[in-house]
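Whatever order the structure lists ligands and atoms in, that order sets their numbers, starting from 1. Hydrogens, waters and symmetry mates play no part in the numbers below; they use all other heavy atoms, side chains included. This is a predicted model, so every value here is computed, not measured.
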Amino acid sequence: MRVGGRPYRTLWVAEDGRTVQIIDQTRLPHAFEVAALRTLDDAATAIRTMQVRGAPLIGVTAAYGLALALAEDPGDASLARACDTLLATRPTAVNLRWALETMQAALGDLPPSERVDAAYQRAGRLADEDVALCRAIGEHGAKLLEDAPRRGGAVLQVLTHCNAGWLATVDWGTALAPVYVAHERGVPIHVWVDETRPRNQGASLTAWELLQHGVPHTVIADNAGGHLMRSGRVDLCITGSDRTTATGDVCNKIGTYLKALAARDNEVPFYVALPYSTIDWTLDDGSRIPIEERDPSEVGRVRGRVAGGAVLEIDVLPEGSPAANPGFDVTPSRLVTGLVTERGVCEASREGLLGLYPERRAETS
Ligand code: MRU
């Protein structure tokens, strides 16, 4: 996607063939900065501190993190330690585990002398594959958007939560890929962007990338979505997912569940877009998904630009009030109208998913 008219991915390998470059998402929207990852620790820190975030991008960054670790030491112990370090960075998005398992399967049997080049190649293929998967999600989802009934007029009103755009993937995004494809095809579209407290991925990231691409949008407080749905101003909701069970339960950024409840009460279709790497075929029940508990200080502290240009953090809680910060919630499959994947759209159910991924039938009961 384009930034200032120039095409970018969210991460790429520098000309030295080893350093991994990322867009530092903790600096957006007030500064566009590229950061360099040179070691395993750099990659683990980038994921933990959310310089890179979003389920698919976390997975691909972890794959490159392994390559960086092997460039320092290609031995078996180093490979195992790097996997453990990366796996511990963020618990909810299953793409992290999937990417590490994919890399281990490709590298584990190779002699150490061949591992570094193979790791960079495999990670590169995962990055390219992510772009293709997201573009395919965009194609399938765009048809849904084109066909969706518009309640209020010619412009399709879409509501999204968090950032499941190109910044959350290598390119295109999951939930926003259909929006970009539909926009590219001339479908008149407007996006309601949930701010997504406490870290404001909607206000800081989704708004920024939609702005870069000229997609009409409006940022709303998280609490406004129900009111907008009740007043007929939302035609369709679409979000991403950090982990989807084999039965179609969806774990996504905290607050997604409330939007799904409001959508159901107002008969607004609620779609979730995800690539196959986000499906956890080992789980039948969303309540078993590990929910990341983040630092409570994120709830009490807001970052923003003040008059004069400086970017500061301010405290919004009274000193002494405790805060809690669960990072994700689970939306049960019954509230999900459909799952949009790279293979098409299906019902959020075991049979729906197996219809698109029949090769997984043996793994699920
Ligand atoms: O905590 P984050 O910012 O990594 O959470 C991101 C989300 O919840 C996204 O909606 C999800 O990863 C789907 S991304 C394409």
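Between Y8 and F32, the two ring planes are perpendicular [angle over 60°; tilted spans 30° to 60°].
For residues 51-66, every residue pair satisfying the side-chain hydrogen bond (donor to acceptor under 3.5 Å, both in side chains) rule, not counting sequence neighbours, is listed here: D24-Q51, Q25-R53, R53-N163.
Distance alone, capped at 3.5 Å, is enough to place a donor-acceptor pair between the D16 side chain and the T19 backbone.
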Which N/O atoms of ligand 1 sit under 3.5 Å from a protein N/O, and at what distances?
| unit_1 | atom_1 | unit_2 | atom_2 | d |
| --- | --- | --- | --- | --- |
| ligand 1 | 1 (O) | R90 | NH2 | 2.8 |
| ligand 1 | 1 (O) | K253 | NZ | 2.7 |
| ligand 1 | 3 (O) | R53 | NE | 2.9 |
| ligand 1 | 3 (O) | R53 | NH2 | 3.2 |
| ligand 1 | 3 (O) | Q201 | NE2 | 2.9 |
| ligand 1 | 4 (O) | G54 | N | 2.9 |
| ligand 1 | 4 (O) | R90 | NH1 | 2.8 |
| ligand 1 | 8 (O) | D242 | OD1 | 2.8 |
| ligand 1 | 8 (O) | N252 | OD1 | 3.2 |
| ligand 1 | 8 (O) | K253 | N | 3.4 |
| ligand 1 | 10 (O) | N252 | OD1 | 2.7 |
| ligand 1 | 12 (O) | A55 | N | 2.9 |
| ligand 1 | 12 (O) | D242 | OD1 | 3.2 |
| ligand 1 | 12 (O) | D242 | OD2 | 3.0 |

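In this structure, R264 is not positioned above the aromatic face of F270 in the sense of NZ or CZ being under 6.0 Å from the six-membered ring centre and within 45° of the axis.
Smallest separation of non-hydrogen atoms from A119 and L70: CB-CD1, 3.9 Å. Between D249 and V330, the shortest heavy-atom contact is CB-CG1, 4.2 Å.
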